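Both counts, for ligands and for their atoms, begin at 1 and track the order of listing. As the structure is a prediction and not an experimental result, all values here were calculated from the model.
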Amino acid sequence: MLKLKSVQTFYGNIQALKGISLEVAEGEIITLIGANGAGKSTTLMTICGIIPPRSGDILFMGSSILNHNANEIVALGISQVPEGRHIFPYLSVSENLDMGAFLRKDKQEIKKDMEYIYELFPILAERRHQAGGTLSGGEQQMLAISRALMARPKLLLMDEPSLGLAPLILGQIFDIIKKINTENRTTIFLVEQNANQALKIAHRGYVMENGRITLSDSADKLLSNEEVKKAYLGI
Ligand code: ATP
């Protein structure tokens with residue numbers, strides 16, 4: 001579904017991605033793990049057209065998306081749940097969800113999708129008229145995920161959904177990510193610092209260090225890899 005070929009991305013003279021190649025197949029949950037500053041968020045920003053790469057290629061469903069802007073990339077079927085959620089604090093929960101469906105015209109289907117979201121996250125149904133900014137951190141993360149789902153993505157990019165969440169909520173968020181993948185058949189590319197939880201729900205994973213992919217394997221194998229255990233799992 002998604003293929004990155006030798007992608008290099010720069011911020012001015014600073015090279016953040018030093019030739020990244022990776023693949024995500026339809027139906028997979030793929031996780032990208034790595035330390036602070038490794039280049040994980042830059043990888044997502046590059047895929048969704050916010051920071052175009054200087055060289056390399058990005059293929060989505062077999063075609064290059066390099067010459068598409070961020071809006072066009074959403075329309076093709078890639079949505080991002082950004083790090084830090086970035087919900088619209090003064091809009092209600094239901095208005096935030098409407099914003100996620102901004103590019104869609106199929107009103108009946110939008111209504112159905114909103115009902116599905118409210119089944120997935122009953123707390124959002126309860127709070128549908130409440131301003132987004134008044135929700136707890138966990139609820140805002142649920143809203144950010146839901147808003148991205150309202151675009152009906154084929155591929156969902158998630159940047160550190162567990163960041164700053166209480167342990168109890170964290171488990172719920174990972175359960176929901178798994179459910180979105182299995183029930184809603186959405187392919188997921190998950191960037192996480194919580195490598196342990198991410199690898200437990202993922203099919204495969206990539207390890208990133210200093211702008212490069214240094215390791216890739218099945219999630220099970222990465223979980224039992226001694227280097228990964230020492231560097232990322234705290235074991
Ligand atoms: P984190 O987990 O802290 O978000 P990350 O793995 O997502 O880290 P990136 O945010 O992609 O890493 O950063 C990769 C590199 O690019 C780092 O060296 C960072 O300092 C640099 N960088 C990121 N954003 C910018 C920017 N706007 N301008 C200049 N350099 C940047």
Return yes when at least one protein heavy atom is under 4.0 Å from atom 6 (O) of ligand 1, and no when none is. yes
Donor-acceptor pair between Gln8 and Arg54 side chains, under 3.5 angstrom: no
Give me the nearest non-hydrogen protein atom to atom 12 (O) of ligand 1 as residue plus atom name, then the distance to 0.1 Å. Gly39 N, 3.1 Å
Less than 4.0 Å is my threshold; does some heavy atom of Gly34 fall inside it relative to ligand 1? no
For Gly37 and ligand 1, does the shortest N/O to N/O distance drop below 3.5 Å? yes
Can you list the steps and then say if Gln130 with Ser92 is a side-chain hydrogen bond (donor to acceptor under 3.5 Å, both in side chains)? CA-CA 5 Å; Gln130 206 170 308; Ser92 69; over 6 Å; no
A student checking ligand 1 against Asn36 at a 4.0 Å heavy-atom cut-off should list atoms 1 (P), 2 (O), 3 (O), 8 (O)
Smallest separation among heavy atoms of Gly27 and His203, with atom names: O-CE1, 3.7 Å
I'd like to know if Glu115 pairs up with Lys112 as an ion pair, taking the criterion as any Lys NZ or Arg NE/NH1/NH2 lying under 4.0 Å from an Asp or Glu carboxylate oxygen. no
Heavy-atom contact under 4.0 Å between Glu160 and ligand 1? yes
Gln193 contact mode with ligand 1 (heavy-atom cut-off under 4.0 Å): side chain
Is Asp159 salt-bridged to Lys40, cutoff N-O under 4.0 Å? no
What are the atoms of ligand 1, with element, lying closer than 4.0 Å to any heavy atom of Ala35? 6 (O)
Looking at ligand 1, does any of its N/O atoms fall within less than 3.5 Å of an N/O of Ala38? yes
Does a salt bridge link Arg152 with Glu109, judged by any charged N lying under 4.0 Å from a carboxylate O? yes
Test: Arg147 and Asp98 ion pair at under 4.0 Å: no
At less than 4.0 angstrom from any non-hydrogen atom of Ser41, what atoms of ligand 1 do you find? 4 (O), 5 (P), 7 (O), 10 (O), 11 (O)
Are Glu192 and Ser162 linked by a side-chain donor-acceptor pair shorter than 3.5 Å? yes
Indicate whether atom 29 (C) of ligand 1 is within a distance of less than 4.0 angstrom of some protein heavy atom. yes
Does Gly211 come within less than 4.0 angstrom of ligand 1, counting non-hydrogen atoms of the residue? no
Looking at ligand 1, would Glu83 count as a contact under a 4.0 Å heavy-atom criterion? yes
